[in-house]
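Read through the structure below, which is laid out as structure tokens, and then see the notes.
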Amino acid sequence: MMRKLYDMLPSDEFIMTMDSYGPDLMAEYATNAAIIVASTFAMDIMAYYDELFIRTGKDKRKAMFRDFQGAYREARDECFSRSEGHEFLIKELSSAHRSLQRMWKEL
């Protein structure tokens with residue numbers, strides 16, 4: 001998954017030479033997706049560790065892990081909301097592109 005996201009990123013040269021925001025949007029979308037994947041994986045590992053290894057409420061690691069879990073959850077949720085915005089924008093751009101292509105065919 002991470003390799004596919006990395007391969008999705010346009011090169012720096014491509015981003016710098018383009019006049020449109022398409023490459024920037026692709027890079028931001030892939031970055032958000034990578035953060036979502038990494039933070040979800042980290043939360044799963046921490047939940048496993050919390051459940052199987054931290055036994056008492058007095059263990060200081062429990063509070064530390066809860067703080068980490070909260071931070072990862074917050075980052076993941078923020079990236080989810082950005083991704084939803086990107087998906088909406090991509091759908092709108094695709095729709096506009098299809099309309100433009102139909103118009104060109106009619107001419």
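Glu84 pairs by the salt bridge (charged side-chain N to carboxylate O under 4.0 Å, His left out) definition with nothing, not counting sequence neighbours. Ser81 pairs by the side-chain contact (heavy atoms from CB on, under 4.5 Å) definition with nothing, not counting sequence neighbours. Checked against salt bridge (charged side-chain N to carboxylate O under 4.0 Å, His left out), Arg76 has no partners two or more places apart in sequence or in another chain.
With Thr40 contributing its side chain and Val37 its backbone, the two residues share no donor-acceptor pair below 3.5 Å.
Looking only at side-chain heavy atoms (C-beta outward), Asp44 and Tyr48 stay at 4.5 Å or farther from each other.
Summarising the geometry, atom OG belonging to Ser39 is positioned 11.0 Å from atom CD belonging to Glu78; distances are rounded to the nearest 0.5 Å. Taking CE of Met46 as the start and CZ of Arg73 as the end, the distance is 8.5 Å to the nearest 0.5 Å.
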Distance-only criterion, 3.5 Å: show the donor-acceptor pairs between side-chain atoms of residues 100-107 and protein atoms not counting sequence neighbours.
from   : atom 1 : to    : atom 2 : distance (Å)
Arg102 : NH2    : Ser99 : OG     : 3.3

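When every heavy atom of Tyr29 is checked against every heavy atom of Ser83, the shortest pair comes out as CE1-O, 4.0 Å.
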